[in-house]
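Report on the structure given below.
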Amino acid sequence: MIDLDAYFARTGYTGSRAPTLETLHGLVGAHIQTIPFENIDVLLGRPIELEPDKVMQKLVHGRRGGYCFEQNTLLLEVLTDLGYHVQPLSARVRYQRARDYTPARTHLLVRVELEESWLADVGVGSMSPTAALRLADHREQATPHEPRRLLRENDRIYDQARLGDDWHDVAELTLEEMPVIDRIVANWYTSTHPQSHFKQRLTVARATPTGRISILNDELTIRTGARSEKQRIESPAHLLGLLDEHFGISLTEAPRYIWA
């Protein structure tokens, strides 16, 4: 179901295929820079299918992106085929949310067992870590982009990113496994429930070698180091052009709600 040659061609990854830490870092970085995070199908009312062959068809052969259940399902399957021992974990996305608010447990990420445990997450949008994170290390960890840390508080682990001088929560997890049935239920809520934030806003993102590029509703943001450039998206046609230019997403239909 997973065509590794097609996946590597899609991501541009040309390194070793041995199940090592170096390979893991390389795969995560390449994936996040080439397969965009996006929720366009949710806004167009299209079903989000999680069977590995369907995810492979959309994200690799169809050259589209997706959100966490699609992105990290693909990564899980690729790592398994390469010989890694992996486990799907559930989490709550906390980026730009106060600690006194409890978001739904609707995030999937990947635990990878090597000589020690690592976390990989290619599905948390503009804050996806561009390298695997060492699970046992609560100190600052370098990545090709923002510094990260896995802060422990009681029975919770907070994946945090340092932006400037401040640490920001990205995701909260307890290392609880997320079996297929839980992913199906959470994916259904995320893609169909009227109160799901994916039904209420357009979000597209990917990393670049020097920063990140993202769309939130009608605004394009290009970050290069500490510099940020913003551009207003004027129309559905303008959006389609930007999706093609910056994310390699070629569509004939765009969600129109943000211009309604």
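A quick note: this is a predicted structure, and the numbers were derived from the prediction, not measured.
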Validation row: T73, E70 side chains within 4.5 angstrom (heavy atoms): no

Sidechain-backbone polar pair: R10 side chain, L59 backbone, donor-acceptor under 3.5 Å: yes

Main-chain N/O of R99 paired to R97 side chain as donor or acceptor, under 3.5 Å: no

H193 NE2: over 12 foreign heavy atoms closer than 6.0 Å: yes

Verdict with supporting geometry, V204 and H246, side chain to side chain contact (heavy atoms under 4.5 Å, CB included): CA-CA 10 Å; V204 189; H246 294 290; over 6 Å; no

Verify same cluster id: L119, V93 (apolar side-chain graph, 4.5 Å): no

Distance, nearest 0.5 Å, that separates OG1 of T11 from CD1 of I32: 11.5 Å

E153 atom CD, neighbour heavy-atom count above 12 within 6.0 Å: yes

Stepwise side chain to side chain contact (heavy atoms under 4.5 Å, CB included) check, I184 with F69: CA-CA 9 Å; I184 291 172; F69 294 110; over 6 Å; no

Enclosure of R227 CZ (heavy-atom neighbours >12, cutoff 6.0 Å): no

Where P88 and L108 come nearest, the two heavy atoms and their spacing: CB-CD1, 3.6 Å

Flag if over 12 foreign heavy atoms under 6.0 Å of CD, E177: yes

Residue that, paired with K58, satisfies side-chain contact (heavy atoms from CB on, under 4.5 Å) out of R63, R64, E49: R64

Which atom of L109 lies closest to which atom of L173, heavy atoms considered: CD1-CD1, 4.3 Å

Trace of the side chain to side chain contact (heavy atoms under 4.5 Å, CB included) decision for S228 with T221: CA-CA 7 Å; S228 180; T221 301; 3.5 Å; yes

All side chain to side chain donor-acceptor pair (under 3.5 Å) counterparts of H31, not counting sequence neighbours: Y7, Q71

Whether R152 side chain and L150 backbone form a donor-acceptor pair below 3.5 Å: yes

Student check: side-chain heavy atoms of L79 and L27 closer than 4.5 Å: yes

Gap separating the CG atom of L175 from the CD atom of Q87, nearest 0.5 angstrom: 8.0 Å

Crowding at CH2, W188 (>12 non-hydrogen neighbours, <6.0 Å): no

Donor + acceptor pair across side chains of R148, Q141 (<3.5 Å): no

Co-membership, hydrophobic cluster, residues L151 and L135, 4.5 Å side-chain: no

Linked, directly or transitively: L76 and F8 (ILVMFWY side chains, under 4.5 Å): yes

Beyond-backbone contact of V42 with P255, side-chain heavy atoms, under 4.5 angstrom: no

4.5 Å side-chain heavy-atom contact, D218 and R232: yes

T192 and I48, any side-chain heavy atoms less than 4.5 Å apart: no

Any side-chain heavy-atom pair of T130 and V28 under 4.5 Å: no

Distance-minimising heavy-atom pair for R223 and S126: NH2-O, 4.0 Å

Main-chain N/O of R201 paired to N39 side chain as donor or acceptor, under 3.5 Å: yes

Partner residues of T23 under the side chain to side chain donor-acceptor pair (under 3.5 Å) criterion, sequence neighbours left out: T20

Non-hydrogen side-chain atoms of E38 and L243 separated by less than 4.5 Å: no

H168 and E146: side chain donor to acceptor below 3.5 Å: no

side-chain contact (heavy atoms from CB on, under 4.5 Å) involving E172 - partner list, sequence neighbours excluded: R92, R94, R156, Y158

N/O donor-acceptor pair under 3.5 Å between S196 side chain and T190 backbone: yes

Heavy-atom pair of closest approach, residues W167 and E140: CZ2-OE1, 3.5 Å

Residues which pass side chain to side chain donor-acceptor pair (under 3.5 Å) with S117, listed by chain and number, not counting sequence neighbours: R111, E113

Taking every non-hydrogen atom, the tightest pair across P129 and V124: CD-CG1, 4.1 Å

Pairwise side-chain contact, F37 with V122, heavy-atom cut-off 4.5 Å (strictly under): no

Passing option when L220 is tested against E245, Q231, K230 for side-chain contact (heavy atoms from CB on, under 4.5 Å): Q231

Verdict with reasoning, E116 to D137, per side chain to side chain contact (heavy atoms under 4.5 Å, CB included): CA-CA 11 Å; E116 54 187 327; D137 194 348; over 6 Å; no

Donor-acceptor contact below 3.5 Å, side chain D121 vs main chain G123: yes

Cluster link L21 to V78, ILVMFWY, side chain under 4.5 Å: yes

Partners meeting ring pair (Phe, Tyr, Trp, His ring centres under 6.0 Å) with Y95 (sequence neighbours left out): none

Atom CZ of R139 with >12 non-hydrogen neighbours under 6.0 angstrom: no

Linked, directly or transitively: L239 and L216 (ILVMFWY side chains, under 4.5 Å): no

Shortest non-hydrogen contact from R134 toward W118: N-CE3, 3.2 Å

Counterpart residues, side-chain contact (heavy atoms from CB on, under 4.5 Å), relative to A6 (two or more places apart): D3, M56, V60, H61

Side-chain (H145) to main-chain (G211) donor-acceptor, under 3.5 angstrom: yes

